[in-house]
Amino acid sequence: MIEPKWQQTWDAQAAFRAFNPGETVPAAHPFAQRHGTDAMAPGRQFPPKYYILDMFPYPSGAGLHVGHPEGYTATDILARYHRARGFNVLHPMGWDSFGLPAEQYAVKTGQHPRVTTEANIANFTRQIKSLGFSYDWSRELATTDPDYFKWTQWIFLQLYNSWFNPATNKAQPIETLKFPADCVTAEQQRAFRDGKRLAYVSEAPVNWCPELGTVLANEEVIDGKSEVGGFPVVRKPMRQWMLRITAYAEKLLADLEIIDWSDSLKEMQRNWIGRSEGAEVDFQIAGSSEKIRVFTTRPDTLFGATYMVLSPEHKLLAAITTPEQAEAVKAYQAFASGKSDLERTELAKDKTGVFTGAYAINPVNGEKIPVWIADYVLASYGTGAIMAVPAHDTRDFEFAKKFNLPVIQVVEPPAGKEWQGFTDDGTAVNSGFITGLATVEAKRKISAWLEEKGLGKKTVNFKLRDWLFSRQRYWGEPFPIIWKRDAAGALYHEALPESALPVLPPTLEDYKPTTDGQPPLARATDWVTLPDGSIRETNTMPQWAGSCWYYLRYTDAKNAGAFVGTPADQYWMASNGKSAGVDLYVGGTEHAVLHLLYARFWHKVLFDLGHVSTPEPFYKLVNQGLILGEDGQKMSKSRGNVVNPDDVLGEYGADAFRLYEMFMGPLEMVKPWNTKGVEGVYRFLGRVWRLFVDEASETVYEQAETTAADATQAQGLLDLIKLSPAIQDVPGTPAQLKTLHACIKKVTEDLDGMRFNTAISAMMVFVNEAIAWEVKPVAALRTFLQLLQPFAPHVAEELWAKLHAGSSVALAYAPWPTYDPALLVETEIEIPVQVNGKFRDVIKVAADADNATIEAAAKASEKVQQFIGGKAIKKIIIVPKRMVNIAVG
RNA sequence: GCCGGUGUGGCGAAAUGGCAGACGCACAGGACUUAAAAUCCUGGGACCAUAAAAAGUCGUGUGGGUUCGAGUCCCACCACCGGCACCA
């Protein structure tokens, strides 16, 4: 009853609309009442901004589950808190609405995904609004909206039209790329540029998921299975669009230092980027002009290399394999390529491999060592070849044992450790000129030596691969790319001009891929072929594309002329003292290496190209913990333990729901749902209510309500409820003020530290005390409502309105209360007394008592006497205002 | 295997190195009620003791250490959760 009333009021006033610099603020808006109508006018000192963001949801058919509102409630509380503190708060919501389920539904039923998506968005909107979140709905966006994905496509064009200049360490327009001298024909120049673009086409083997009918990025493949659905993924060579995220590996790693994310999350990103320092070394093939380059992090073990291993896909294999071994090598290559990713990772603990017949020369000692191929060496990492040092590498050791290859010790471990299979740092032995050096030293010396002789050089390798950016789907952003043929008949690609944006997907009858394996878009033959004979790209972008920049669009959601306007970007993304960007971003860990890495990458490109003003998008990021079912298991349909927020809301209301989500425990922790717990906070809200209202008038209201014709009429009856007569306009007693100010202090500090659960418990303590007050000072209760407002806004606004009898001051914009430390000072304090470290008694002394007084009081205690009586006092420790400890012998 | 996180009552959890278990749930007893619901009051870590209590002992995953004093700091280990994993 109360909740819809306030939700309608907020909606009607657009109460939580955030204003950009230069915008006109209507005089009636509560923001204007707080800050003045020209608060945002240019040249005027406008309030500091606070940008607080939730990870926007994919609007699924199942609707919201209780996990979504956990983060949303936390951000809403902080948004309301900062609003009360006088910040101009940007708190938006939108929809990550491209995605597979709507497309699969379309394949089954023929219903356009847009219809499904819109229905789901409507349902999500209803659910989210029913929770009373203070979003600025005027900035709502959906990635599937052409006005939005127009700019997603535009950003893709920026990537397409840029290259990464290692000299400046920045992305730059492709026109700044200089052609080499031998690059003269139009075809050569085009090929040269296409090879440098941040968005490029590659023919490499990719992760193909037959079940989903699309390719997937490395990040979307887990243990050889698709992240979505858990279907098998196989390697398959295909022509695909890639984004050159590897060019940013170093920056993505280094800039983790300037943002405030949890250690575990930063570590996940570091692991995924996987930087490792080492050296590349060239090995001459005996009796051949070919050289094989290997990457190693342990050049100091070069003297212990007893064989080499190439990946089965290595380019030089054909050239170096001896005729006698050719057949075996070919058979092994077929065997390796036939393995699925699943088999290669899960079942391949047993090493396999074949001798190529070739020998390589170890550059440090001229030894001839055999060259093998084995699938434990990956083509896609380093140089696709290794020098094997079985004595000091676990994998090489296993392989050597299986194939009886020699093992030579070159590192001496610390005393007491077995040298075979020792992989940590030690001292070099049997290693010529580096013998006797510690590993770190040995690495340095041999790298310098290799470099000097031209045999190798220091290098850095990354695990991070380029981002596979195309999908064979219908429900995604089409690429603004067309294909043409040159004079020789070869296909080449070309960007559509900005004026052609947005490129809309065609209307289809059938959303399945074509029978010959083309993406669904290829079915629209009249869409695909342009009048001039060129052909459209039929792949679409992955779901991650839209979420890579949505936080920027919120700052300037209606801008028709740019993806974001510079003033809006500079205002909302500005530094708030520490590092620039979104001030607080809350979402689940599942996006640690997907969305969060991709978004950082795009942002850095946009930054390099001068389109945004900050190097990082999200300054502070917090992951909310998973909410488990009542049985302590992960919520899932199959377990039947899913809690639907609608049910909880119907039973207890939004305020109780919000309060419980926050009261369960620290935001970041994993915690089980417990409906009984909701009852607890519901009872608390009941006590808050009874603290304010007159019970007799409530009975009158209840009787009237049962006879009310409809909801609107019933809402009017709320006025029948009168304030409790105990509430009077009198100054609070010192004890009452102390209770109140202790609560203000605790709630304020806990909100600053995002400790919502303890803030709520502090309010419970206040209410438990205040409810016993015979006379309730109105000012104290008013202040309490301000503390309660961010957590339980509906009931707080309702009671606030009653206290102000018709005046229209919105509680949401009332200035946050401050506490007076003077009121919290204790005159008499209790101090625990320990004897030999064991707690024995509590003494009461004046707060400013000196040590001698405290000591005397402690010794005077009867209980303490029992323990020190007759014993010699060795030492007395007194911590003023804290405790006393008497050590006796 | 590597990295990160977490271990505290029957349960969710609190505790700047200083009275462990705030606050809440569940539970028990009582008040109000014809009765129930709602509400209000009281109790509550374990052990030992007792008619009941007081007093006492033990207690924050395990084992050590630092300290007058450790849930908190240090070392070693165990368990669970999450991530990565043939990345040379």
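The sequence lines fix the lettering, A, B, ..., with proteins before strands; numbering per chain opens at 1.
- No hydrogens or angles considered: a donor-acceptor pair under 3.5 Å links the side chains of A:Tyr332 and A:Thr352.
- Judged purely by distance below 3.5 Å, without hydrogens or angles, the side chains of A:Glu661 and A:Thr73 never pair a donor atom with an acceptor atom.
- Positionally, the nearest nucleotide of RNA chain B for A:Lys746 lies more toward the 5' end than for the other of A:Thr296 and A:Lys746.
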Would you be so kind as to tabulate the donor-acceptor pairs closer than 3.5 Å made by side chains of residues 588-597 of chain A, with sequence neighbours excluded?
{"residue": "A:His595", "atom": "ND1", "partner": "A:Ser547", "partner atom": "O", "Å": "3.4"}
{"residue": "A:His595", "atom": "NE2", "partner": "A:Tyr585", "partner atom": "OH", "Å": "2.7"}

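- For A:Lys875, a side-chain nitrogen or oxygen approaches OP1 or OP2 of B:C68 to under 4.0 Å.
- B:A53 and B:G43 have their P atoms separated by 14 Å, given to the nearest Å.
- Taking atom CD1 of A:Ile373 as the reference point, atom P of B:A88 lies 22 Å away to the nearest angstrom.
- Listed by chain and number, the residues in a ring pair (Phe, Tyr, Trp, His ring centres under 6.0 Å) with A:Trp773 are A:Phe766 (sequence neighbours excluded).
- Ion pairing of A:Lys671 with A:Glu70 is present here, as a side-chain N (NZ or NE/NH1/NH2) and a carboxylate O approach within less than 4.0 Å.
- B:C2 and B:C74 have their C1' atoms separated by 24 Å, with the value rounded to a whole Å.
- The CD-P distance, from A:Glu70 to B:G12, rounds to 16 Å in whole Å.
- Both tests do not hold together for A:Arg600 against A:Trp272: distance to the six-membered ring centre under 6.0 Å, angle to the ring axis within 45°.
- Using a 4.0 Å heavy-atom cutoff across all strands shown, A:Ser276 reaches sugar-phosphate atoms only and no base atom.
- Using cut-offs of 30° and 60° on the angle between ring planes, the pair A:His392 and A:Trp419 is tilted.
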Dump every N/O contact between nucleotides 54-57 of chain B and the protein below 3.5 Å, one line per pair.
{"residue": "B:U57", "atom": "OP2", "partner": "A:Arg840", "partner atom": "NH1", "Å": "3.3"}

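- A salt bridge links A:Lys859 to A:Glu855: one of the charged nitrogens lies within less than 4.0 Å of a carboxylate oxygen.
- Contact check on A:Arg270 versus A:Glu257 returns a salt bridge, with a Lys/Arg side-chain nitrogen under 4.0 Å from an Asp/Glu carboxylate oxygen.
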- [ ] Summarise protein proximity over nucleotides 16-29 of chain B in one line of letters, 5' to 3': B for base, S for sugar-phosphate only, - for none, counting protein heavy atoms closer than 4.0 Å.
- [x] B-BB--BBSSS---

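- When rounded to the nearest whole Å, the span between CD of A:Glu267 and P of B:A85 equals 14 Å.
- For the pair A:Lys351 and A:Tyr376, the cation-pi criterion (under 6.0 Å, within 45° of the ring axis) is fulfilled.
- B:U50 and B:G56 have their C1' atoms separated by 13 Å, given to the nearest Å.
- The separation between A:Trp261 atom CH2 and B:C3 atom P is 22 Å, rounded to whole Å.
- In this structure a side-chain-to-backbone donor-acceptor pair under 3.5 Å is missing from A:Asp841 to A:Val864.
- Here the P atom of nucleotide B:U39 and the CD1 atom of A:Ile771 are 11 Å apart, to the nearest Å.
- Aromatic ring orientation, A:Phe657 versus A:Trp673: tilted (interplanar angle from 30° to 60°).
- B:C68 and B:G63 have their P atoms separated by 23 Å, given to the nearest Å.
- Residue A:Tyr652 contributes atom OH, which lies 10 Å from atom P of B:A38 at whole-angstrom precision.
- Between A:Arg275 and A:Glu250 there is a salt bridge, since at least one side-chain N of the basic residue sits less than 4.0 Å from a carboxylate O of the acidic one.
- To the nearest angstrom, P of B:U67 lies 16 Å from CG of A:Asn836.
- For the pair A:Ile386 CD1 and B:A88 C1', the interatomic distance rounds to 5 Å; values are reported in whole Å.
- Just one of A:Val389, A:Val410, A:Val411 meets the side chain to side chain contact (heavy atoms under 4.5 Å, CB included) condition when paired with A:Arg298; it is A:Val411.
- B:G71 adopts an anti glycosidic conformation, its chi angle falling more than 90° from 0.
- A donor-acceptor contact closer than 3.5 angstrom links the side chains of A:Asp466 and A:Thr246.
- Spacing of P atoms, B:U8 relative to B:U62, comes out at 10 Å, to the nearest Å.
- Taken together, the paired segments of RNA chain B that extend over three or more consecutive Watson-Crick or G-U pairs, each closer than 3.5 Å at both contacts, are B:1-7 with B:78-84, B:10-12 with B:23-25, B:27-31 with B:39-43, B:45-47 with B:56-58, B:61-65 with B:73-77.
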What N/O pairs connect the protein and nucleotides 80-83 of chain B at under 3.5 Å? Give each pair on its own line.
none

